[in-house]
Amino acid sequence: MTFRQFAFNNVIRNKRLYIAYFLSSMFTVMVFFTFAIFAFHPAFSGGSINNNALFGMGVAGGIIYVFSFFFVLYSMSSFLQSRKKEFGLLIMLGASNRQIRLMVFLENIIIGFFATIGGILSGLVFSKAILLIAENVLIIDETLDFYFPILAIVVTFISFIILFFCISIFVSFILRTKKLVDLMKGDKQSKGEPKASIILSIFAALLLIGGYGTALYVEGAAVIYAMIPVIIVVTLGTYLLFTQLSVYIIRVLKNNKSIFWRKTNMLLFSDLSFRMKDNARTFFMVAIISTVAFSAIGTLYGVQSYLTKGVKEMNPYTMTYNPSLNDSKEVIEDDISRINAVFQDEKMETKMATMELNYFEVLEDNNVIIVRASDYNRFAVLINEEELQPGKTEAIVVEQSGAVVMVGEKASERLMRNSIQLESGDKLQPTRVLETDILPLISGYYVVHDEVYELLGPPVRSDFSAVWQAQDVRTEQVIEVGRKMNQLDDNLRYKSHVVDYTLFEINKGFGPILFIGLFIGIVFFVSAGSFLYFRLFSDLDEEKRKFRAIAKIGLTQKELNTVVNRQVALLFFSPIVIALVHGVVALTALSHLFDYDLTVESSLVLGSFALIQIIYFMIVRYFYVKQIRRMIF
Amino acid sequence: MLKLTKVSKVYEGKVAYRALTDISLEIETSEFVAIMGPSGSGKTTLLNIISTNDSPTTGEVEIDGANPHKLKKNKLAKFRRNELGFIFQDFNLLHTLNVEENIVLPLTLDGTGVREMKEKAQKIAENLGISSIMNKRTYEISGGQAQRVAIARAMIHEPRLLLADEPTGNLDSKASKDVMTMLESINKKEKTSLLMVTHDPQAASYSDRVVFIRDGKLHSEIHRGESRQAFFQKIIDMLSLMGGDGNDFSTVRV
């Protein structure tokens with residue numbers, strides 16, 4: 001048996017030991033490969049997707065690659081940790097340092113090679129699914145057919161062979177061989193708790209409070225400036241939270257004998273403090289990675305809903321028409337009949353309403369629109385909104401409900417302060433503010449009684465607006481109308497506006513970004529899960545031995561379940577809860593930036609992540625308990 | 001106290017292996033019995049069956065008139081925790097816990113009050129001479145100390161039957177002597193029945209009675225008379241008899 005044969009057989013005949021590391025490597029390759037299949041799809045090189053999206057995909061691929069590197073490195077080092085004793089034995093039998101390094105290097109190359117091939121193969125299996133999902137998320141004209149992704153295979157293969165080669169070299173050099181004795185009983189000695197000081201613990205709390213406070217306090221454009229400092233402060237705070245505060249809390253709990261010495265608590269806490277150093281690092285990483293995933297997906301989803309919902313709210317009608325300033329009556333009538341013709345072509349029943357928009361001079365302002373109540377009500381009926389019946393002595397201020405005000409006072413505040421001068425010398429006082437979307441006018445307007453309207457005198461200038469509301473039609477039909485209107489080559493395409501078509505265009509442009517964001521977010525989230533899995537299973541043998549020892553003294557299944565349950569739950573949920581809190585704060589800050597309520601979106605995103613985590617917890621716990629129980633009972 | 005009737009154990013497998021054949025054995029309350037025999041004779045299998053870690057293929061085990069093998073799993077765990085004490089060759093201490101915590105573990109699992117646990121641990125530690133290392137971690141203490149901690153853990157809940165599997169197997173002669181003296185005095189003072197499996201004739205000579213088994217069958221047993229020294233000699237003789245080929249020495253010559 002040559003040394004090479006030894007290293008090879010060591011892997012092949014020890015499958016079970018290597019399987020976790022192998023699977024996680026394979027998973028990484030698979031993720032990269034599926035992404036490559038998507039990114040290199042011939043439909044994209046054809047050119048329906050713009051260059052920005054392609055560039056975005058390139059960057060995303062790079063991020064996944066760099067992340068894969070660190071992920072594999074982490075899996076590798078935690079895998080080597082669990083093999084200390086084996087190395088100790090080899091050294092004892094006379095293996096030199098160089099030989100051990102060579103062995104680790106060869107093993108890594110073998111595993112890396114098979115993981116790359118396995119990842120590509122399993123990626124091929126899933127590729128049709130991923131293309132189907134992409135096709136539905138992205139709104140593109142072509143269908144993403146299955147193809148044999150030669151380019152993706154080549155790129156993935158070369159990238160990962162290089163990656164595993166680098167990691168193999170890297171790891172075999174950082175593999176420090178300690179004293180033999182330490183290696184042999186390496187698993188018995190605690191790596192020690194990180195030193196916890198009260199000052200640093202308080203500092204951690206202060207950092208988090210400060211970061212959160214700032215993130216929640218700032219509004220509008222200031223959010224962007226506050227973002228980087230807040231991220232740094234919160235990251236640091238999270239690190240200290242796990243390395244200081246948690247150690248401190250556990251120590252306090254341990255010193256309180258009436259808690260620590262209560263039934264299974266003793267097993268739980270002693271275990272926690274024994275592995276505190278490893279745990280703290282894992283918790284920190286998982287919390288940060290999950291936060292990135294939550295925030296990225298939450299942001300993309302939030303922005304998309306902001307764009308679409310905002311547009312939809314501000315334009316409640318199927319179609320609106322606003323002529324240019326100097327269009328004559330004939331041009332307007334011609335335009336309207338052409339629009340009606342388009343609707344008829346599509347066999348859509350529509351109701352139309354038109355209105356003269358007249359600007360009047362009021363006290364401080366000379367360009368305020370005042371609307372007749374009957375005009376307003378005609379529009380309101382179209383979209384089933386409440387009609388208004390203002391009294392003869394009042395004016396009602398109406399502003400858009402979704403109106404975005406970045407700076408300055410709201411339109412309604414200004415309008416409420418003013419009063420309207422009538423020809424008779426009387427003044428009309430605005431009585432109340434109403435938020436509707438009947439007229440798409442950002443600056444707000446007054447609604448007055450028809451009779452009062454006649455007393456206003458001549459308008460400063462006049463405008464025209466026409467709206468159409470379709471009855472019982474499918475969105476596709478409306479989009480088709482919008483496409484036809486957009487293909488007109490005269491000015492009418494700029495004067496008319498079909499909201500569903502605009503939304504369709506927004507979604508089409510946003511689709512790739514959303515898909516890439518979702519993809520990366522999910523990759524991050526799943527790897528966070530794998531980190532936890534590694535943490536748990538790298539100590540599995542140790543745990544088995546421990547529980548077997550306790551079982552000999554007498555441990556009921558229920559007690560075993562309690563201990564393991566809490567242990568796994570703590571591992572799974574403490575970083576995720578922190579990440580969820582981070583995510584909530586980040587998304588709240590985002591909603592402050594847009595001044596747009598993201599409660600529904602963020603609870604949807606964070607809620608589904610929490611749900612996935614709970615399911616993941618159930619599955620892992622089931623297998624973990626099963627493994628341990630098989631060893632004992 | 002403990003009664004075994006015709007206990008047999010067959011390990012199923014491709015080649016079935018008969019580890020124990022019709023072992024019948026009785027141990028009185030507060031008796032100290034050692035089981036000896038060559039490697040592979042079934043000593044540990046027998047102990048595992050008594051300690052309920054393993055179940056017999058046929059035959060009955062009775063501890064105080066009840067058969068623990070008929071208990072449900074959870075009841076069995078409680079039974080072990082309350083009625084039995086274990087001492088292992090490799091100590092089986094939990095290295096995530098310190099010495100004191102290891103000692104009180106059986107009581108903790110049972111939900112005893114903290115003060116009571118502390119008192120009991122302190123008392124037993126003083127008896128065993130380990131009160132000075134109560135706050136040490138398990139990798140900081142020597143083998144002899146570790147075994148005394150294990151004894152403390154096995155004794156803290158005052159079990160009726162103490163089972164020891166090669167308690168001196170990992171210890172030097174001085175530590176062995178200390179541990180055996182301690183076990184003997186526990187047996188005499190607390191009236192705890194003690195069953196010990198051992199290779200070591202020195203350790204076995206502390207018992208009241210030594211049972212020899214070979215090839216899974218009871219071979220013979222000898223009782224201790226007045227002097228431990230003479231008993232030790234008898235054990236040595238018996239071992240050399242068992243170890244030898246039947247016709248090397250005539251039994252008459254002993």
Side-chain angles (χ1 to χ4, degrees), chain A residues 181-182 184-193 250-251 253-279 539 542-563 567 629-633, chain B residues 47-48 51-54 68 71-88 90-98 100-118 120-121 137-141 146 150 153-157 159 163 165:
Chain A
V181 182
D182 291 337
M184 290 302 279
K185 58 176 181 183
D187 46 354
K188 278 194 187 158
Q189 242 154 348
S190 165
K191 279 178 210 150
E193 298 174 7
I250 286 178
R251 194 171 292 169
L253 283 177
K254 257 185 93 172
N255 284 338
N256 184 342
K257 288 225 159 54
S258 58
I259 294 175
F260 184 46
W261 283 21
R262 227 189 98 71
K263 299 208 164 180
T264 46
N265 281 0
M266 187 145 103
L267 298 174
L268 181 67
F269 289 136
S270 70
D271 205 68
L272 276 180
S273 80
F274 188 71
R275 305 192 201 295
M276 205 57 232
K277 208 166 199 168
D278 290 333
N279 282 346
D539 292 324
E542 184 56 28
E543 290 294 286
K544 279 183 187 166
R545 208 175 313 145
K546 186 183 86 183
F547 280 113
R548 200 161 34 175
I550 305 169
K552 278 184 184 163
I553 303 170
L555 185 77
T556 62
Q557 283 207 22
K558 211 173 133 216
E559 283 161 342
L560 174 79
N561 284 352
T562 322
V563 179
Q567 196 179 329
R629 200 184 286 169
R630 193 169 51 200
M631 209 62 202
I632 299 169
F633 297 110
Chain B
L47 192 73
N48 277 339
S51 67
T52 68
N53 276 336
D54 207 345
L71 292 174
K72 290 256 160 52
K73 270 180 189 170
N74 287 342
K75 280 250 174 76
L76 184 60
K78 295 240 164 73
F79 170 80
R80 275 191 211 159
R81 199 146 83 196
N82 297 326
E83 312 291 339
L84 303 181
F86 296 95
I87 301 166
F88 306 93
D90 51 1
F91 321 133
N92 253 334
L93 298 177
L94 300 184
H95 49 253
T96 56
L97 301 176
N98 70 19
E100 187 182 23
E101 289 156 7
N102 259 300
I103 295 176
V104 296
L105 184 62
L107 295 181
T108 311
L109 289 175
D110 233 26
T112 317
V114 171
R115 184 186 296 178
E116 192 188 338
M117 282 193 273
K118 272 236 165 247
K120 281 191 173 171
R137 298 296 291 270
T138 50
Y139 55 84
E140 295 171 316
I141 59 179
R153 185 180 67 181
M155 291 302 303
I156 192 157
H157 53 292
L163 301 168
D165 187 4

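Order of the sequence lines sets the chain letters (A, B, ...), proteins ahead of strands, with each chain counted from 1. What you see is a predicted model, and the numbers here were worked out from it, not measured in a lab.
Among His157(B), Glu100(B), Arg115(B), Lys75(B), the residue making the largest number of heavy-atom pairs under 4.5 Å with chain A is Glu100(B). With respect to chain A, the highest number of heavy-atom pairs below 4.5 Å among Met117(B), Glu101(B), Glu140(B) belongs to Glu101(B).
The side chain to side chain contact (heavy atoms under 4.5 Å, CB included) check on Ile553(A) picks up Leu105(B), Pro106(B), Arg153(B), with sequence neighbours excluded. Checked against salt bridge (Lys or Arg N to Asp or Glu O under 4.0 Å), Lys546(A) has the following partners two or more places apart in sequence or in another chain: Asp271(A), Glu543(A).
Taken from CG in Asn48(B) to NZ in Lys552(A), the straight-line distance is 7.0 Å, to the nearest 0.5 Å. Taken to the nearest 0.5 Å, the OG atom of Ser51(B) stands 6.0 Å off from the CG atom of Leu163(B).
Looking at Lys118(B), the atoms closer than 4.5 Å to chain A (heavy atoms on both sides) sit in the backbone and in the side chain alike. With a threshold of 4.5 angstrom between heavy atoms, Asp110(B) approaches chain A through N, CA, C or O but not through any side-chain atom. Only the side chain of Leu94(B) comes within contact range of chain A, judged by heavy atoms closer than 4.5 Å. Of the atoms belonging to Asn53(B), it is side-chain heavy atoms, and not backbone ones, that fall under 4.5 Å from chain A. Looking at Phe79(B), neither its backbone nor its side chain comes within 4.5 Å of chain A, counting heavy atoms on both sides.
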Using the rule given for side chain to side chain donor-acceptor pair (under 3.5 Å), can you reason through Arg80(B) versus Thr52(B), listing the C-alpha separation, both sets of side-chain angles and the distance that settles it, and then say yes or no? CA-CA 8 Å; Arg80(B) 275 191 211 159; Thr52(B) 68; 2.9 Å; yes
Any chance you could lay out the side chain to side chain donor-acceptor pair (under 3.5 Å) test for Asn561(A) and Arg629(A), step after step, and finish with the verdict? CA-CA 9 Å; Asn561(A) 284 352; Arg629(A) 200 184 286 169; 3.1 Å; yes
